[in-house]
Amino acid sequence: MSAHVPHALEFLSSQPRVRDLLATAVSEGHLSHAYLFLGAPGSGKTETARALAECVVCPHGGDDTCDECRRVKHGTHPDVKFLQPASATGYLVAQVRDLIADVSLTPVRSHVKVYVLEQAETLRGTAANALLKTIEEPPEGVMFILIARTAAAVMPTIVSRCQQVPFRVVSSGAAERSVELSSGLAGSEARIALAVAGTPDRAAEFLASPERRQVRRLMVRAIGQLGRDDSWDVLVSARELVTAVKAPLASLKEAQEAAVGESADFLAASAMKKIEDANKRELTARERSGMMEALAAAESLLRDVLLRCEGIDEPIVNEDVSDVVDRLASSTCTKGVLDALSAVRGATDDLAHNVTPQLVLETMLLCVKEALTCPPSSR
């Protein structure tokens, strides 16, 4: 008989083996102190780490509705920490030492503390060695979840101390069906959401968020009218996009401030400072995630334009704006679209290197405008 699946893990219908493994561990109380989630980008590893953290800190085993679960979901739970490399080359030794010092502290709200380390393959050298002992023998009530593409990319000494959880690549058909079941929306809306958000669970969240869908609409409009916009219009479009990306963060910021206020009476000033810094990093990460969705929307639209330019008889993703796709295709050429797609990829790289989002969008839109203006002889 299969184990009861907590509500927080129900979204993993496209990863049944992962879902059943974690559900059994939760229901039987046999959770590992260290997991290594392995799989390609878009397979849902980070979302699953967040869901497992809900199950661990929730007094009801991950009901996905209580205050503890909501805090984890919003990134405001003081006992659930998500970490990313602090430098372009990976985790810093000082960053790992701060983590180890935090591990020794008593949980604030829960009986367990959960640390999620993304891009675990960038744990190298002294930083990795500093973490090894803690992962091998963590204090009671501490869980680590490491996330990486492959076990081969992670230091063997770290791999040997974790329970490996492989995530399979989800087919486009299965992903679309998963979104349809989660959101109740079918067809092109599910395909658009997957193109923008990447994974089925993120796509369902995208469809449930009017603010995030508005960002996509603004990006389509911005690219669609580049042919008749001057440079000032392009800068205005970029500013509107940045404002729209930040809109969903208002409720998260309010929740963070409320959580900080509740903790103010029993935490030292240094601990409060750490929480406030972590909250700022979370807001920055969410803003960058929103920016990545905006860029994914641009890439999806331009890929549809490329299909039209090449005369490829395949359905486009952005069916709801087929008039924009056709108009762009009729006024540009294959090389122009390829150059425009290259500009979008460049913008993605710029974001990864901490370039200001406003500047990233301004530069990208101006480059796309120039790229799509092919000379008549090239069309």
Side-chain angles (χ1 to χ4, degrees), residues 14 39-47 118 169-172 175-176 178-179 182-183 185 187-224 226 237-238 240-249 284-307 314-322 324-325 328 337-353 355 357-365 367-368 371-372:
S14 59
S43 54
K45 302 185 298 296
T46 300
E47 294 79 5
E118 303 195 56
V169 176
V170 181
S171 70
S172 57
E176 191 174 325
S178 177
V179 175
S182 300
S183 66
L185 300 172
S188 63
E189 288 188 283
R191 288 191 292 276
I192 290 168
L194 282 167
V196 172
T199 63
D201 47 307
R202 283 182 177 174
E205 291 174 359
F206 170 82
L207 289 172
S209 170
E211 296 93 346
R212 288 164 68 181
R213 297 178 77 173
Q214 174 66 4
V215 171
R216 182 250 173 184
R217 282 191 288 268
L218 288 174
M219 179 59 81
V220 169
R221 188 183 73 183
I223 293 178
L226 282 175
S237 293
E240 289 178 347
L241 276 162
V242 170
T243 300
V245 166
K246 290 181 177 180
L249 302 180
T284 300
R286 292 292 184 91
E287 181 181 352
R288 291 190 182 282
S289 177
M291 284 289 297
M292 294 299 287
E293 285 191 355
L295 296 179
E299 183 174 7
S300 175
L301 181 71
L302 290 169
R303 287 188 180 279
D304 284 345
V305 175
L306 186 60
L307 286 178
E314 287 184 15
I316 61 174
V317 171
N318 298 274
E319 292 178 5
D320 62 328
V321 289
S322 59
V324 176
V325 174
L328 288 170
V337 183
L338 291 174
D339 288 345
L341 283 166
S342 179
V344 176
R345 286 190 289 272
T348 302
D349 290 340
D350 288 342
L351 270 183
H353 289 88
V355 179
Q358 175 84 24
L359 181 58
V360 167
L361 282 179
E362 291 174 355
T363 303
M364 185 203 78
L365 289 174
C367 288
V368 170
L372 294 180

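When a residue number appears, it is its place in the shown sequence, counting from 1.
For Glu240 against Leu218, the heavy-atom pair with the smallest separation is O-CD1, 4.0 Å. Between Val215 and Val245, the shortest heavy-atom contact is CG2-N, 3.8 Å. Taking both residues in full, the closest heavy atoms of Val324 and Gly224 are given as CG1-CA, 3.8 Å, listed atom of the first, atom of the second, then distance. Closest approach of Ser43 to Ala40, counting heavy atoms only: OG-O, 2.6 Å. Across Ala222 and Ser237, no two heavy atoms sit closer than the pair CB-CB, 4.0 Å. The shortest heavy-atom contact between Phe206 and Arg212 is CE1-O, 3.3 Å.
Side-chain contact between Leu295 and Met364 is present, with heavy atoms from C-beta onward closer than 4.5 Å. At least one side-chain heavy atom of Arg191 sits less than 4.5 Å from a side-chain heavy atom of Glu319. Side chains of Ser342 and Arg345 form a contact here, defined as non-hydrogen atoms less than 4.5 Å apart. Between Val220 and Arg217 the shortest side-chain heavy-atom distance does not fall below 4.5 Å. Side-chain atoms of Ser300 and Val196, non-hydrogen and from C-beta on, never get closer than 4.5 Å to each other. At least one side-chain heavy atom of Leu361 sits under 4.5 Å from a side-chain heavy atom of Met291. Looking at heavy atoms from C-beta onward, Leu338 lies out of side-chain contact with Leu302 at the 4.5 angstrom threshold.
Note: Leu306 CG to Leu328 CG = 12.0 Å, rounded to the nearest 0.5 Å. To the nearest 0.5 Å, atoms CD (Glu299) and CG (Leu341) are separated by 6.0 Å. Note that CG of Leu359 and CG of Asp350 are 7.5 Å apart. Values are rounded to the nearest 0.5 Å. A distance of 9.5 Å separates CG in Leu241 from CD in Gln214, rounded to the nearest 0.5 Å.
Taking 4.0 Å as the cut-off between side-chain N and carboxylate O, Arg303 and Glu314 do not count as a salt-bridged pair.
For Thr363, the side-chain hydrogen bond (donor to acceptor under 3.5 Å, both in side chains) criterion is met by no residue, not counting sequence neighbours. Listed by chain and residue number, Asn318, Asp320 satisfy the side-chain hydrogen bond (donor to acceptor under 3.5 Å, both in side chains) test with Arg216 (two or more places apart in sequence, or in another chain).
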